Every structure is written in structure tokens, then in C-alpha cells.
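Quantities reported herein were computed from a predicted structural model and do not represent experimental measurements. Chain letters run A, B, ... following the sequence lines, proteins first, then strands; residues in each count from 1.
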Number of protein chains: 4
Amino acid sequence: MRGVNKVILIGNLGRDPDVQFLEGNIAVAKFSLATTETFKDRAGKLISQTEWHTVVLWRGLAELAQKYLHKGSLVYIEGRLRTRSWEDKEGNKKFATEVVGDNLVMLDKRMDVGNGDHAVHHGSGSSTSGQQGPGHHGEGYPGIEIPPMGEAADDLPF
Amino acid sequence: MRGVNKVILIGNLGRDPDVQFLEGNIAVAKFSLATTETFKDRAGKLISQTEWHTVVLWRGLAELAQKYLHKGSLVYIEGRLRTRSWEDKEGNKKFATEVVGDNLVMLDKRMDVGNGDHAVHHGSGSSTSGQQGPGHHGEGYPGIEIPPMGEAADDLPF
Amino acid sequence: MRGVNKVILIGNLGRDPDVQFLEGNIAVAKFSLATTETFKDRAGKLISQTEWHTVVLWRGLAELAQKYLHKGSLVYIEGRLRTRSWEDKEGNKKFATEVVGDNLVMLDKRMDVGNGDHAVHHGSGSSTSGQQGPGHHGEGYPGIEIPPMGEAADDLPF
Amino acid sequence: MRGVNKVILIGNLGRDPDVQFLEGNIAVAKFSLATTETFKDRAGKLISQTEWHTVVLWRGLAELAQKYLHKGSLVYIEGRLRTRSWEDKEGNKKFATEVVGDNLVMLDKRMDVGNGDHAVHHGSGSSTSGQQGPGHHGEGYPGIEIPPMGEAADDLPF
DNA sequence: TTTT
DNA sequence: TTTT
């Protein structure tokens with residue numbers, strides 16, 4: 001490939017995620033994310049600028065969103081841009097650009113009850129259910145940062 | 001700020017850039033960029049997926065685009081997402097998501113005559129033409145990667 | 001330029017930042033940042049892997065670090081890699097790779113007293129003191145995300 | 001996880017990659033990559049700054065490096081930082097920071113004979129198990145850009 | 001040396 | 001529609 005299509009966002013959810021399940025029990029989550037950047041203009045005035053993004057998560061990440069994200073949650077999203085187009089009932093061509101997330105980091109301070117273990121989430125759009133036992137859809141999110149086997153071994157031959 | 005809105009693209013221009021000049025002689029360039037990613041699906045079949053992005057460049061970067069970019073050019077673009085909305089003449093709400101570029105790297109092999117110096121371009125959304133004398137639009141693009149003064153001095157006190 | 005050198009980190013400070021002031025009252029901050037990634041290995045076991053980074057901030061960002069960051073702070077850092085080398089007193093060649101930050105986002109939930117205004121920080125390595133009045137070293141850091149003038153004007157000619 | 005450790009580089013190889021095979025026929029490639037950034041300093045002088053990085057690739061990516069990369073190749077590398085430490089024979093503590101690549105894009109203009117199909121490479125920690133020897137350790141690395149199954153289906157329920 |  |  002000679003292409004790169006990467007988006008990195010940190011922002012807050014405008015509403016609770018909308019999660020649905022497709023055939024095959026595949027979860028899809030969708031939510032709006034506000035990224036606010038503040039800077040001084042040349043006059044030195046503080047300017048705050050909010051941009052809204054539509055984020056789509058699949059499978060394991062969608063399930064995490066359903067469990068742990070809600071209106072106001074602060075998250076880091078890494079993904080790619082995808083523009084879909086369709087015609088509405090009046091025949092008008094419509095476009096929507098979304099960020100399809102491959103990685104999710106929850107940045108809210110956890111003040112949870114419990115052990116907080118669930119706070120450790122990460123994953124990627126790329127699920128590998130094929131490797132998993134029966135019934136295990138939506139678990140085990142091998143993610144972007146999974147190091148290749150053998151790497152841990154500190155026996156680099158250099 | 002607690003927000004991040006960052007896009008990184010590598011792809012080819014679908015057409016020559018469309019460059020216009022606003023009042024104040026401010027250049028704005030716009031072009032479509034195709035990012036193609038190729039991967040194997042689970043069946044091992046090679047799949048190629050092209051996504052089209054609208055890229056907008058301002059000022060110095062727009063002028064670089066005008067001078068050096070054309071249909072087919074391979075570029076690295078770093079920028080941020082921005083969605084604009086408006087109503088068309090029929091009163092339909094329309095949305096368009098664009099990538100506003102803060103940095104541009106030309107990746108084509110230069111087979112240029114001459115010194116190739118012009119090949120070295122970079123810049124950022126944060127132009128500072130205000131500092132420049134009259135007539136000097138489009139010069140001196142202090143960019144993202146401009147190191148702070150004094151840094152070169154290798155006298156880090158640690 | 002045909003190069004890109006970019007680092008993006010989210011992690012926690014291992015200690016309070018070490019801040020020093022060089023000639024000209026230029027601030028330099030240095031701290032260790034731990035990025036911890038957790039994933040499941042192929043056996044399904046949760047594995048946590050921490051990497052330590054040396055982060056260096058200059059000028060305005062260094063001053064922000066001094067004021068607001070401390071041991072444990074969660075931050076987003078965007079910057080570039082820089083490797084320095086020197087010889088120690090025994091004449092051994094030493095190398096140290098650091099992340100020179102161009103952008104800083106504080107991700108801790110603020111439970112501060114006060115207005116929280118100080119929470120809005122951002123900046124970049126690229127200072128522009130030249131534009132500023134006398135005596136104003138270290139202020140007004142127009143940063144990476146400063147939109148070019150005129151952009152706010154929603155009069156894109158396309 | 002609450003951590004992110006990401007590096008993005010575009011630069012040229014300083015030498016041909018050094019590729020070795022570990023037990024299990026696991027390929028590891030290592031090379032130096034120069035990222036050169038050019039900018040104008042405050043006096044307007046063009047300054048060029050080259051940084052050298054050590055890049056390590058594993059498995060499928062290492063094999064691609066062996067086949068297609070050589071001294072001078074222009075590449076995009078996405079990966080993470082990793083610092084290793086050890087003691088040399090004199091008992092001095094040594095550190096080396098490397099970029100472990102998860103994704104590789106070859107940016108050289110292909111003037112190849114043939115179809116150039118091999119030019120389309122990408123990967124991530126994630127390889128293409130078909131290339132691997134017997135024993136099949138190290139299979140099925142779902143990679144950064146592999147879209148989740150079902151996503152192609154344009155039947156988003158929103 | 002951090003954090004969950 | 002979020003957050004500071």
C-alpha cells in the first residue's frame with residue numbers, strides 16, 4: 001500500500017453511545033465526539049473551537065463503548081476516515097464522514113467502585129474471533145499494539 | 001485544551017489543486033486526495049480500499065500546492081478535521097468534512113532539473129504573514145517543527 | 001522537507017518535572033513519562049507493558065509543566081524524537097533519546113478549586129517571541145493548532 | 001489501557017536493512033532511518049536537521065524489508081518506542097531507544113518492471129502467515145488497518 | 001519512577 | 001450534543 005489514513009482524536013462524548021447488533025451478533029457503536037481546542041489568536045484573545053466528529057466502533061470496541069462510555073466521557077480514539085454516501089428519500093445525494101475507530105483509550109479518572117480492572121481496555125477494529133473458541137464473540141481484543149510473538153524475548157540478535 | 005483533532009494522510013491527488021485568492025491575497029488550495037490501503041482479508045484475498053478526502057490548505061501551504069502539486073502527486077498531509085454545514089438552494093442541509101492541512105510533505109521522486117531545493121517544503125497552518133513586510137505573502141512558513149530558539153544549543157542543563 | 005518525525009504519547013509522569021531556566025530566562029522542563037499498554041497475548045492472558053520516555057519541553061510548555069504537572073499527572077504529548085550523544089568522564093560514548101514536546105494536553109480530571117481556567121493549555125515548540133513586545137519572553141505561544149488568519153471566515157470560495 | 005506510545009516517521013534508510021532469523025524462522029530486520037526536516041529559522045535562513053532512528057521490524061514486515069528496502073529507500077514507518085538497556089563488557093549501563101514498526105509503507109516511486117504488485121505492501125506487526133515456515137507460530141496477526149469483518153457491508157443501522 |  |  002502506498003496510503004495512510006489515520007485520525008487521532010481526544011474529546012468528550014456528546015451523548016451516550018448508540019449501540020446496535022448486526023446479524024452474527026456483531027456490535028456497532030456510534031457516537032458524537034467533541035474535540036475542543038483552545039488557543040490565543042494574534043490579539044492574544046483566548047479562542048475556543050469545538051469540532052464534532054462521528055465515531056463508529058465495531059465488535060469488541062463497540063461493546064466496550066456500550067459498557068463503559070457515556071455522555072461526557074473523555075476518550076482517545078485512533079482510527080481512519082471513511083465517507084459514506086447515499087441518496088435520501090428525495091433523491092438528494094448525501095455524504096457523511098465518520099471516524100472508524102481502531103483503538104480506544106478511556107481517559108476519565110476512574111472513581112469506580114470495584115477493582116477498576118475493567119478500566120484497562122484497548123483493542124482495535126480488527127477482531128480475531130476466528131481464533132477463539134465457540135461462543136466467544138466479542139472477546140479478546142487483540143489490538144494495534146500487540147507485539148509480535150517472540151519480541152518479548154530480549155534476544156535481539158544485533 | 002483537553003482536545004486533540006489530528007489527521008495524517010498519505011495519498012495521491014485526484015486532480016490538480018484548485019487555488020483561489022481571498023481578500024488580502026490569502027491563498028486557499030483545495031484538492032481531493034485518495035488514500036489506498038491494501039490488506040488481506042481473512043480468506044487471504046488481497047483487498048484494496050480507496051478513500052477520498054477533501055484537503056484544504058491555507059496561505060503558504062496553498063501556494064506550495066499551486067506551484068508543486070498536480071494530479072497524481074503523492075503527498076503526506078497532517079492536519080485536522082473540520083466539518084462545515086450549509087443549506088443548498090433547495091434548503092437542504094448539507095455537510096462537508098474536510099482536512100485542513102497544517103503540514104505538507106511532497107513524496108514524489110524528484111526528477112527535476114535544477115537544484116531541487118524547492119523540493120524542501122514544509123509549513124503549517126500557523127502562518128505568520130502578519131509579521132512580514134508588504135508583498136511578502138507566502139514566505140517564511142514557520143511550521144510545526146520549528147524548534148524553539150535556544151534548543152539547538154546543546155547545553156541542556158540536565 | 002521530505003521527512004516526518006512525530007511522536008504521540010499518553011502516559012503518567014513518574015516524578016515531578018525538573019524545570020530549569022537557561023540564559024534569557026528560557027524554561028526547560030524534563031520528566032519521565034510512563035506509557036502503559038495492556039493487551040491479551042495469544043493465550044488470553046492480560047499483559048501489561050510499561051515503557052519509560054524522557055520528555056523535554058521548552059519555553060511556554062516548560063512553564064506550564066512547572067505550574068501544573070506533577071508526579072502521576074496524565075498527559076498527552078505530541079513531539080519529535082531527538083537523540084543526543086556525548087562522552088562521559090570515562091570517555092564512553094553515551095546516547096539518550098528524548099521526546100521534545102511540541103504540544104501538551106493535560107488529561108487529569110480537574111477537581112481544582114478556582115475557575116479551572118488554567119486547565120486550558122496548549123502550546124508548541126514553535127514560539128514567536130519576535131512578535132511580542134519587549135520583556136515578554138515566554139508568553140503567548142501560538143501553537144500547532146492555531147488556525148491561519150481568515151480561516152474562521154466561513155467564506156471558502158469553493 | 002490508559003497509555004499511548006506511537007511514532008510516525010518518514011525518512012530514508014541509511015543502509016540496507018540487517019535481517020536475521022531467530023529460532024522458529026522469525027525474521028527481524030533492523031536499519032537506521034534518517035528523517036530530515038527543513039525549516040527557516042527566525043533570521044529566515046533555511047535550516048536542515050537530520051535525526052537518525054533505529055527501526056526494528058518483525059516477521060512479515062522484516063521479510064518485506066529484506067525483499068524491498070535498501071539504502072536510500074524512502075519509507076513511512078508507524079510504530080512505538082522501546083528502550084532497551086544492558087551492560088557492556090566493561091559493566092557500563094547502556095541504553096538504546098528503538099522504533100518497533102507496526103506498519104510500513106514504501107514511498108519510492110516504483111519504476112519496476114513487471115506489474116508492481118509487490119509494491120503494494122503493508123502490514124503491521126501483523127503478517128501474512130502464508131509466508132511462514134512450518135510450525136506456524138506467529139500466525140494471524142490482525143493488523144492496524146484490517147477492517148473488521150462485516151464492516152464492508154454497507155448496512156450500518158444508523 | 002507513573003497509572004489502572 | 002461534550003468538556004474545561
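Applying the side-chain hydrogen bond (donor to acceptor under 3.5 Å, both in side chains) criterion to Asp16(A), with sequence neighbours excluded, gives no partner residue.
One interatomic measurement links the two molecules: CG of Asp16(A) to P of dT3(F), which rounds to 11 Å at whole-angstrom precision. The nearest whole Å value for the distance from the CZ atom in Phe31(A) to the C1' atom in dT1(F) is 13 Å. The distance from atom CG of Asp108(C) to atom P of dT3(F) is 17 Å, rounded to the nearest whole Å. At whole-Å resolution of the value, CD in Glu37(A) and C1' in dT4(F) are 14 Å apart. As rounded to whole Å, 18 Å separates atom C1' of dT3(E) from atom CD1 of Ile47(C). Straight-line distance from the CG atom of Leu74(A) to the C1' atom of dT4(E): 15 Å, rounded to whole Å. In this entry the distance linking CZ of Arg15(A) with C1' of dT1(F) reads 5 Å, nearest Å. Atom pair Tyr76(C):OH and dT2(E):C1' shows a separation of 20 Å (rounding to whole Å applied).
One can find a donor-acceptor pair under 3.5 Å joining the base of dT2(E) and the side-chain atoms of Thr50(C). Counting distance only, with no hydrogens placed and no angle test, the side-chain atoms of Thr36(A) and the base atoms of dT4(F) include no donor-acceptor pair under 3.5 Å.
For Lys71(C), whose side chain is taken as the heavy atoms from C-beta onward, the closest listed nucleotide among dT4(E), dT1(E), dT2(F) is dT1(E). For Ser32(C), the side-chain atoms get nearest to dT1(E) when compared with the rest of dT4(E), dT1(F), dT1(E). Nearest nucleotide to the Ala34(A) side chain, out of dT2(E), dT4(E), dT2(F): dT2(F).
For Gln66(C) (side chain) and Pro17(C) (main-chain N/O), no donor-acceptor pair under 3.5 Å exists by modelled atom type. Checked by atom type and distance alone, the side chain of Arg80(B) never pairs as donor or acceptor with a backbone atom of Val4(B) at under 3.5 Å.
Using a 4.0 Å cut-off between a side-chain N of Lys or Arg and a carboxylate O of Asp or Glu, Lys6(D) and Glu78(D) qualify as a salt bridge. We find that Lys30(A) and Glu98(A) are joined by a salt bridge, their nearest charged nitrogen and carboxylate oxygen being less than 4.0 Å apart.
Each of Ser48(C) and His53(C) was assigned the nucleotide of DNA chain E with the nearest heavy atom; the assignment lying further toward the 5' end belongs to His53(C).
Stacking is not found between Trp52(C) and the pyrimidine-like six-membered ring of the dT2(E) base under the 5.5 Å centre-distance and 30° plane-angle cut-offs.
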